[in-house]
Participant: 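Below you'll find the structure I mean.
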Amino acid sequence: MKQEWESISLSKLQELVSSVPKCLQSIIKRRGNATQWLKCPCPNFFETCCWHQMGMYCSKNNNISHRFGGWLSSTRREDGAVFEHGPRGIRPAGAVGRNTLNMVEDLGLESEVLPVTYDHVASKNRYLYVGGQLHKMPSGLGGMMCTVPPFSRPLVLSVLREILISRGKEDDESVHSFVSRRLGTELADIAVDSLCRGVFAGDCRRLSVRSCLPILYNAEKARGSVVLGMLLGAGPEPDVPTSALAKRASVENWAQWSLKRGLQNLPEALEDRMKNVGHVEVHRDSPIRGLSTNGVNWEIKLEDGTIKADHIIAALPAKALASALPSAAQTLSQQLREISTVTVAVVNLEYEGFVLPVKGFGHLVPSSEDGGLLGVVYDSVPFPQHNRSGGPSTRLTVMMGGAWFHEVFGKPEEVTKELLLERAIQAVTSHLGITTPPVWNVVALLQDCIPQYYLGHWKRLEMMRKYIKDHNLPLTLVGASYEGVSVNDVIFSGRVAAEGLVGKI
């Protein structure tokens with residue numbers, strides 16, 4: 001480790017110090033899902049599989065909803081306002097980010113992209129709500145060298161200390177334990193607790209660092225230090241070409257992006273393209289009643305008939321797939337059922353005028369402050385283009401529940417939207433001092449929307465894939481239940497599944 005440390009140039013060390021808390025936020029960011037603090041899984045990975053297989057195979061896409069896109073859901077009003085009920089921004093970074101931008105370009109949506117650069121106020125200003133008040137996350141060299149509340153000491157000390165910590169010996173570890181060991185308990189209790197609630201709506205004391213944040217786990221295994229792993233690299237990235245749009249994102253230093261008509265426009269464009277190519281068969285509102293296989297091909301039973309398939313790419317949530325599998329695959333079904341999910345309440349609010357006391361992306365709330373409230377996104381700051389026409393307004397999104405939903409609100413099927421709306425407005429009033437009532441609102445209850453990768457998740461995936469291989473099942477598992485909950489992750493899983501069947505795309 002000493003040789004690796006001495007090999008780092010002075011400019012690299014200066015970059016390290018000045019980039020934190022980017023280095024801390026890379027706990028989430030390097031997975032492609034920090035710029036939006038709530039990342040609901042997006043089943044458009046199945047549309048992605050079809051997209052990547054067009055011209056090679058006839059694909060059949062079954063969807064039980066009245067629309068495609070899963071948790072990518074946008075409300076568009078006649079006055080031009082757009083409200084996101086799931087993901088609201090996508091990161092362009094890394095191979096999975098490039099892959100999504102490549103698909104956006106292939107679909108002809110380049111002119112619809114709304115980029116947010118790293119020098120934008122929404123990228124630079126992120127807040128934590130601790131001790132009953134907002135605290136701006138430290139940034140820049142000055143912020144790292146000084147003690148900035150809610151932290152009790154300069155964050156640079158935690159970063160420098162991390163380099164000297166011995167490599168862990170466990171096969172897996174909770175996110176909280178990992179960060180406590182390497183960066184200190186305070187950062188784990190406040191910053192990382194909040195970030196895991198924002199990204200996974202989950203409890204960092206239960207989430208697996210190996211499965212949720214493999215970039216950190218791999219950095220420690222490869223270099224003995226997260227900091228050194230970030231600086232020197234911890235392994236190769238997937239080989240994804242760079243389209244003109246992806247190159248533009250890099251040159252212009254995008255932090256995140258959305259679409260003019262909202263992110264629901266992405267699965268809509270995919271659906272239109274699939275329908276127009278002529279050899280993709282789409283079944284809408286078609287619940288799967290059961291699957292049976294003879295070991296060579298499948299029979300898929302639907303409400304309106306039966307489909308035969310040589311291979312299934314299963315983009316269903318893990319528990320839904322478990323219910324559809326034949327009884328002979330009981331072992332696989334049980335493993336799928338062990339993948340937990342959480343429910344999130346998303347409340348969109350609109351206010352007259354610009355009423356925010358600060359400008360930024362939004363604020364997160366650690367579990368020690370308020371278990372039920374995950375955070376508030378200041379939607380009008382990163383994407384003012386989604387505001388209504390005809391006068392200033394402020395759009396906010398309050399996110400609640402997650403791993404704490406049952407404890408705070410009770411059973412999702414028994415919670416009223418009126419209660420959730422009241423709780424959201426109370427939070428906005430208390431945290432932001434906004435006392436005027438909203439002029440518009442919509443409440444969405446996203447049941448079982450985010451899979452939780454608890455300790456041992458990686459081992460469960462290994463066992464499931466071994467079962468599929470050993471039993472020669474013509475089945476590929478894709479989607480948010482397995483290896484990443486972000487929009488980029490699930491889209492990339494579709495690409496990998498397609499390549500597994502037809503070769504490199």
Side-chain angles (χ1 to χ4, degrees), residues 1-35 91-98 118 137-139 141 144 154-188 191-193 195-196 199-200 204 207-240 250 255 453 455 457-458 461 483-486 488-489 492:
M1 181 181 292
K2 181 180 178 183
Q3 290 178 337
E4 291 178 330
W5 175 245
E6 291 176 344
S7 69
I8 302 173
S9 67
L10 179 60
S11 62
K12 270 287 187 183
L13 290 176
Q14 291 172 335
E15 176 186 337
L16 166 64
V17 174
S18 63
S19 67
V20 179
K22 286 182 183 178
C23 199
L24 294 176
Q25 292 178 3
S26 68
I27 288 171
I28 303 300
K29 281 186 176 182
R30 291 294 290 272
R31 284 292 293 158
N33 51 9
T35 56
R91 277 179 54 78
V96 294
R98 290 197 305 276
Y118 272 107
M137 285 288 289
S139 61
L141 184 59
M144 299 312 303
L155 296 187
V156 68
L157 297 179
S158 296
V159 174
L160 296 177
R161 169 185 177 272
E162 194 276 337
I163 297 168
L164 304 177
I165 300 298
S166 300
R167 180 188 283 109
K169 298 179 179 179
E170 301 295 328
D171 287 336
D172 202 356
E173 191 174 0
S174 75
V175 175
H176 186 274
S177 172
F178 181 92
V179 176
S180 294
R181 178 169 58 81
R182 300 215 62 89
L183 290 164
T185 302
E186 186 176 63
L187 280 175
V192 173
D193 177 278
L195 287 169
C196 284
V199 175
F200 300 98
C204 65
L207 294 174
S208 157
V209 71
R210 179 168 181 165
S211 298
C212 293
L213 308 171
I215 187 72
L216 299 190
Y217 177 86
N218 293 334
E220 184 189 44
K221 291 301 178 186
R223 303 291 184 180
S225 161
V226 171
V227 174
L228 293 179
M230 294 295 180
L231 289 172
L232 302 174
E237 274 196 333
D239 181 20
V240 176
S250 177
Y453 303 162
L455 286 175
H457 181 77
W458 69 275
L461 294 187
E483 292 183 294
V485 302
S486 78
N488 285 331
D489 288 327
F492 191 71

Participant: How many angstroms lie between SG in Cys212 and CG in Leu455, if you round to the nearest 0.5 Å?
Facilitator: 9.0 Å
Participant: Run the side chain to side chain contact (heavy atoms under 4.5 Å, CB included) test against Thr185 and tell me which residues pass, sequence neighbours left out.
Facilitator: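 By the side chain to side chain contact (heavy atoms under 4.5 Å, CB included) rule, Thr185 matches Ser180, Asp189.
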Participant: Main chain of Leu183, side chain of Ser158: is a donor-acceptor contact present, judged purely on distance under 3.5 Å?
Facilitator: yes
Participant: For Met230 and Leu216, run side-chain contact (heavy atoms from CB on, under 4.5 Å): C-alpha distance rounded to whole Å, both residues' side-chain angles, the deciding distance at 0.1 Å, then the answer.
Facilitator: CA-CA 8 Å; Met230 294 295 180; Leu216 299 190; 3.2 Å; yes
Participant: Charged N to carboxylate O under 4.0 angstrom, Arg182 versus Glu173?
Facilitator: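 Salt bridge absent between Arg182 and Glu173.
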Participant: What closest approach, in Å, do Ala255 and Pro92 show between heavy atoms, and which atom pair accounts for it?
Facilitator: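 Heavy atoms only, the tightest pair is O-CD, 3.4 Å.
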Participant: Can you name the one residue among Lys169, Arg181, Arg167, Arg210 that meets salt bridge (Lys or Arg N to Asp or Glu O under 4.0 Å) with Glu220?
Facilitator: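 For Glu220, the salt bridge (Lys or Arg N to Asp or Glu O under 4.0 Å) check succeeds only for Arg181.
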Participant: Measuring from atom SG of Cys204 to atom CZ of Phe178, what distance do you get when rounded to the nearest 0.5 angstrom?
Facilitator: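 That separation rounds to 13.0 Å.
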Participant: Nearest 0.5 angstrom please: Tyr217 OH to Asp171 CG, how far?
Facilitator: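 Rounded to the nearest 0.5 Å, the OH-CG separation comes to 5.5 Å.
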Participant: If you look at every heavy atom in Phe492 and Pro238, which pair is closest and at what distance?
Facilitator: CZ-CB, 3.6 Å
Participant: Enter the distance from Leu160:CG to Leu155:CG here, rounded to the nearest 0.5 Å.
Facilitator: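 Output value for this atom pair is 11.0 Å.
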Participant: From Asp193 CG over to His176 NE2, what is the distance, rounded to the nearest 0.5 angstrom?
Facilitator: 7.0 Å
Participant: Restricting to non-hydrogen atoms, name the atom on Gly229 and the atom on Arg223 that form the minimum distance, rounded to 0.1 Å.
Facilitator: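 Gly229 and Arg223 have their closest heavy atoms at CA-CG, 3.5 Å.
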Participant: For Val192 and Val179, which heavy atoms make the closest approach, and how far apart are they?
Facilitator: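 The answer is CG2-CG1, 3.6 Å.
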Participant: If you measure from CG on Leu195 to CG on Leu187, what distance do you get to the nearest 0.5 Å?
Facilitator: 10.0 Å
Participant: Ile163 pairs by side-chain contact (heavy atoms from CB on, under 4.5 Å) with which of Val226, Leu231, Val227?
Facilitator: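 By the side-chain contact (heavy atoms from CB on, under 4.5 Å) criterion, Ile163 pairs with just one of Val226, Leu231, Val227: Val227.
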Participant: Check for a donor-acceptor pair, side chain of Asn488 on one end and backbone N or O of Arg91 on the other, with a separation under 3.5 Å.
Facilitator: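 Answer holds: yes.
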Participant: If you look at every heavy atom in Lys221 and Gly168, which pair is closest and at what distance?
Facilitator: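 The pair with the smallest heavy-atom distance is NZ-O, 3.1 Å.
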